[in-house]
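Beneath this line is the structure, given in structure tokens, with notes to follow.
Note that this is a predicted model, so its numbers are computed, not measured.
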Amino acid sequence: MLSKTISTLKYVILEYRFYFLSITSLLALLIYNHNKTLALKKKLVQINKELQQQQVTFEKRQKLYNEKMKQQHAEIELMQKK
């Protein structure tokens, strides 16, 4: 019984080896591409965080610059009125 099963498996493997190899290689490519996709998503999240930090920093600097300009304009107008 066991030998019959083994011989049947050998026949199936020899007969359909191209399909087994194709499926195995496609699964390997699928796993590889999935891992690459996860790595790229992780990198995208990191880049988005850095971009958000730069945006926040830019907005703070812009706010300080605008406040300083308003203060300077107010001082200039005060000097012109005197």
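Atom CG of residue Asn48 and atom CD of residue Gln46 lie 10.5 Å apart, to the nearest 0.5 angstrom. Rounding to the nearest 0.5 Å places CD of Gln62 at 5.0 Å from CG of Asn66. Put simply, CD1 on Ile31 and CG on Leu26 are 11.0 Å apart, with the number rounded to the nearest 0.5 Å. How far OH of Tyr65 is from CZ of Phe58: 11.0 Å, rounded to the nearest 0.5 Å. Taken from CG in Asn35 to CG in Leu40, the straight-line distance is 11.0 Å, to the nearest 0.5 Å.
Counting heavy atoms from C-beta outward, Val45 and Lys41 have side chains that stay 4.5 Å or more apart. Taking the side chain as every heavy atom from C-beta outward, Gln80 and Ile76 approach each other to under 4.5 Å. Looking only at side-chain heavy atoms (C-beta outward), Leu27 and Ile23 come within less than 4.5 Å of each other. The closest side-chain heavy-atom distance from Gln72 to Lys68 is below 4.5 Å.
Both Val12 and Tyr19 sit in one connected hydrophobic cluster of ILVMFWY residues. Membership requires side-chain heavy atoms under 4.5 Å apart, directly or through other members.
A donor-acceptor contact closer than 3.5 angstrom links the side chains of Gln55 and Glu59.
The 12-atom threshold is not exceeded at CD of Gln52, counting heavy atoms of other residues, nucleotides or ligands nearer than 6.0 Å. Within a 6.0 Å radius of CZ in Phe20, more than 12 heavy atoms belonging to other residues, nucleotides or ligands are found.
Partners of Glu77 according to the side-chain contact (heavy atoms from CB on, under 4.5 Å) rule, which considers only residues two or more places apart in sequence or in another chain, do not exist here.
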